[in-house]
Amino acid sequence: MRWSRAFLPVLKESPADAQIVSHKLMLRAGLVRQTAAGIYAWLPLGFRVLKKIEQIVREEQDRAGAQEMLMPTLQSADLWRESGRYEAYGPEMLRIRDRHDREMLYGPTNEEMITVLFRDEVKSYRDLPRTLYHIQWKFRDEVRPRFGVMRGREFLMKDAYSFDLDEAAARQSYYTQMLAYLRTFQRMGIRAVPMKAASGPIGGDLSHEFIVLAPTGESEVFYDAAYEEFDWNQAGLNYGDETGLQGLFDRVNSTYAATDETHDVAKWEVLPEGNRRTGRGIEVGHIFYFGDKYSKAMGLKVSGRDGTPVTPMMGSYGVGVSRLVGAIIEASHDDAGIVWPEAVAPWQVGIVTMRADDGASVAAADSLYTELIRAGVEVLYDDRDERGGVKLGSMDLIGLPWQVVVGPRGIASGTVELKRRSTGEREELSLESALARLTE
Ligand code: 5CA
C-alpha cells in the first residue's frame, strides 16, 4: 500500500476524550473512529489488525476441532423466552421491533440460538461431541461504554459452544478450549492468565477468565508468581489426550489466580509472601461450563447408547476479538506509539523516503517496494510529500515491526537503514541485504 493513496488519518495531538493509552493510540494512529457512543468504525489500519486477530482465533479453534459457522446478529425475543433469559437479561439487551411489531433483539450472545439449531438437527449420542463457533458482532447496551473498543456496546466476539453426552466429556471440551485459548493468545504475542471466575448471566459453576496483565485493566487480579514460569505453549500436549488435558486443568486450578470477584483471601494467604503478585488485568476471554442449563430449558435431547433420552451437557467459550486490539496495544507500546507483535501487525514492513524530491532515493524505495510485494511481504510505503521527520514519527506511531528508511545520503553510498520497531535497533545495509533480510 502506498501511503499517498491510503486512508490512514493519523493525528498529531493526543485526543483529549481518551483516558487510556490504547484508546489514545487507536485514535491517533487512525485504527478506529467512534460513530455513536460505544460504537466504532474500523478504518483500514484497525481493520487489518482485527482480521489478523480473527484469523489466529479461527485457526486455533479449527485446530482444536471446533467448526465454524455464522449466526445472525438479530434474534427473536421468543427464542430468549424459551430459556427464560429474555426478562432476566435486563437493560443491557437492545430490544427492537420490526414492522410487524415482532419483538427482536440484537444478540448479546448466542447460547439460545445455537441450542435450538442443534436441537432441531441432532438425534443420537453419535451426534456428540460437537463444538461449533462463530465470529460475529454482538451488542450489549453497557451502562458505561468506555476505553474505546475495550468496553464498547457493539463488539466482535468469537463464541464457541460445546455439546457432550455427559459431564466428564463436557469437561474435556472445556479443557480443550482452555488449551486452545493459551495457544491463541500466545500466538498474538500476549500472555493471558486463566483465572477462576464468576459466571454471571451466562450461568454454570465452572468458569475461567483469561486476563492480560496491564495497569489499565478493569479488574484487580491476584496470582501466584508460578505463572511467570508457566508453559504457555504446552507444545507437547495434543488435543484428544484426555489425561494430558486433565493435567493441564489441574495445574491451572492448583496455581492461584483470581480476579477481585472471586478472590479467596484464605487461599491467597497460604502462598509464600514472595509469590503473591497483584495487579490489574483485561479480560480477553471467558469460558463457561453450565451443564444442562440451556439444553434442559430448551428441550434438547438425544437418544443415549442404551436408547434412553439424554440431555447434552454444554459449555460456551468467548474471545473478545475487538477488545484484543486494545488489549494488545496496552501490553505493547512505548512513548512513540504502538509496537505490534509481528503476528498481528497490519503490515510487516514500512518504507519511508526521507526526501520526496530526491529522484535517486525515491527510485530505490520504489524498487524495494515492488520487490517486497513480489515476495509476498505486507508493506506500507510512505511515499507522501512530507518532511522525513514527520514520516518517521507516523511510522513509529503506527508501530509496524520493521522500518526501512531511504534517504539521499545513504543511497549515495548504496545503503538504507533498517530499524526494528520493538528494540529501536538500527542497521545500515545495502538495498539487496535489506531485501534479503525482509524476505527471509
Ligand atoms: N456466551 C459467553 C461465552 S461465548 C459470553 O458471552 N461470555 S462473555 O460475556 O464473557 O464475553 C466474552 C468476551 O467478550 C469477554 O471475555 C470479553 O473479552 C468480550 N466482551 C464482553 N463484553 C464486551 C464489551 N462490552 N466490549 C468489548 N468486548 C467485550
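Both ligands and their constituent atoms are indexed starting at 1 by order of listing. These values consider heavy atoms only, across backbone and side chains, with no hydrogens, waters or symmetry-generated copies.
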Can you say whether the rings of [X] and [Y] are parallel (under 30°), tilted (30 to 60°) or perpendicular (over 60°)?
{"X": "Trp232", "Y": "Phe230", "value": "perpendicular"}
{"X": "Phe210", "Y": "Phe185", "value": "tilted"}
{"X": "Trp42", "Y": "Trp137", "value": "tilted"}

Verify salt bridge (Lys or Arg N to Asp or Glu O under 4.0 Å) between Glu142 and Arg151, making sure each step is shown before the conclusion.
CA-CA 8 Å; Glu142 303 273 351; Arg151 183 162 294 282; 3.0 Å; yes

Could you check [atom] against the protein and tell me its nearest heavy-atom contact, residue, atom and distance included?
{"atom": "atom 20 (N) of ligand 1", "value": "Phe155 CE1, 3.5 Å"}
{"atom": "atom 13 (C) of ligand 1", "value": "Gly320 N, 3.9 Å"}
{"atom": "atom 11 (O) of ligand 1", "value": "Met157 CE, 3.4 Å"}
{"atom": "atom 16 (O) of ligand 1", "value": "Glu283 OE2, 2.4 Å"}
{"atom": "atom 5 (C) of ligand 1", "value": "Ile202 CD1, 3.7 Å"}
{"atom": "atom 7 (N) of ligand 1", "value": "Phe288 CE1, 3.3 Å"}
{"atom": "atom 4 (S) of ligand 1", "value": "Asp159 CB, 3.2 Å"}
{"atom": "atom 26 (N) of ligand 1", "value": "Gly152 N, 3.1 Å"}

Does any non-hydrogen side-chain atom of Ser22 lie less than 4.5 Å from one of His333?
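No, every pair of side-chain atoms sits at 4.5 Å or beyond.
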
Which of the ligand 1 atoms, numbered from 1, are nearer than 4.0 Å to a heavy atom of Gly285:
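So the atoms of ligand 1 that pass are 16 (O).
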
Numbered in order shown, the ligand 1 atoms found under 4.0 Å of a heavy atom of His286 are 10 (O), 16 (O)

Has Ser322 got any heavy atom lying under 4.0 angstrom from an atom of ligand 1?
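Per 4.0 Å heavy-atom rule, Ser322 does not contact ligand 1.
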
Sub-3.5 Å N/O-N/O distance, Tyr317 and ligand 1
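There is no such contact.
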
Considering distance alone, does some N or O of Lys158 sit under 3.5 Å from an N or O of ligand 1?
no

Sidechain-backbone polar pair: Asn110 side chain, Ile114 backbone, donor-acceptor under 3.5 Å
no

I want to confirm something. Looking only at heavy atoms, which of Glu111, Glu92, Gln177 is nearest to atom 1 (N) of ligand 1?
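Selected option, by shortest heavy-atom distance: Glu111.
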
Among Lys138, Glu209, Arg140, which residue places a heavy atom closest to atom 8 (S) of ligand 1?
Arg140

Closer than 4.0 angstrom, basic N to acidic O: yes or no for Arg48 and Glu378?
yes

Validate the cation-pi geometry between Arg95 and Tyr86: distance from NZ or CZ to the six-membered ring centre under 6.0 Å, angle to the ring axis within 45°.
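Positive - Arg95 is close enough to the ring of Tyr86 and near enough to its axis.
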
Does NZ or CZ of Arg33 come closer than 6.0 Å to the centre of the six-membered ring of Phe7, within 45° of the ring's axis?
no

Donor + acceptor pair across side chains of Tyr294, Arg85 (<3.5 Å)
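Side-chain D/A pair, Tyr294 to Arg85: present.
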
Which segment of Val284 sits under 4.0 Å of ligand 1 when only heavy atoms are counted:
backbone

Where does Val149 meet ligand 1, judged by heavy-atom distances below 4.0 Å: at the side chain, the backbone, both, or neither?
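Contact part for Val149 vs ligand 1: backbone (N, CA, C, O).
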
Can you confirm whether Tyr125 is buried at OH, in the sense that more than 12 heavy atoms of other residues, nucleotides or ligands lie under 6.0 Å from that atom?
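Counting neighbours around OH of Tyr125, more than 12 heavy atoms of other residues, nucleotides or ligands fall under 6.0 Å, so yes.
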
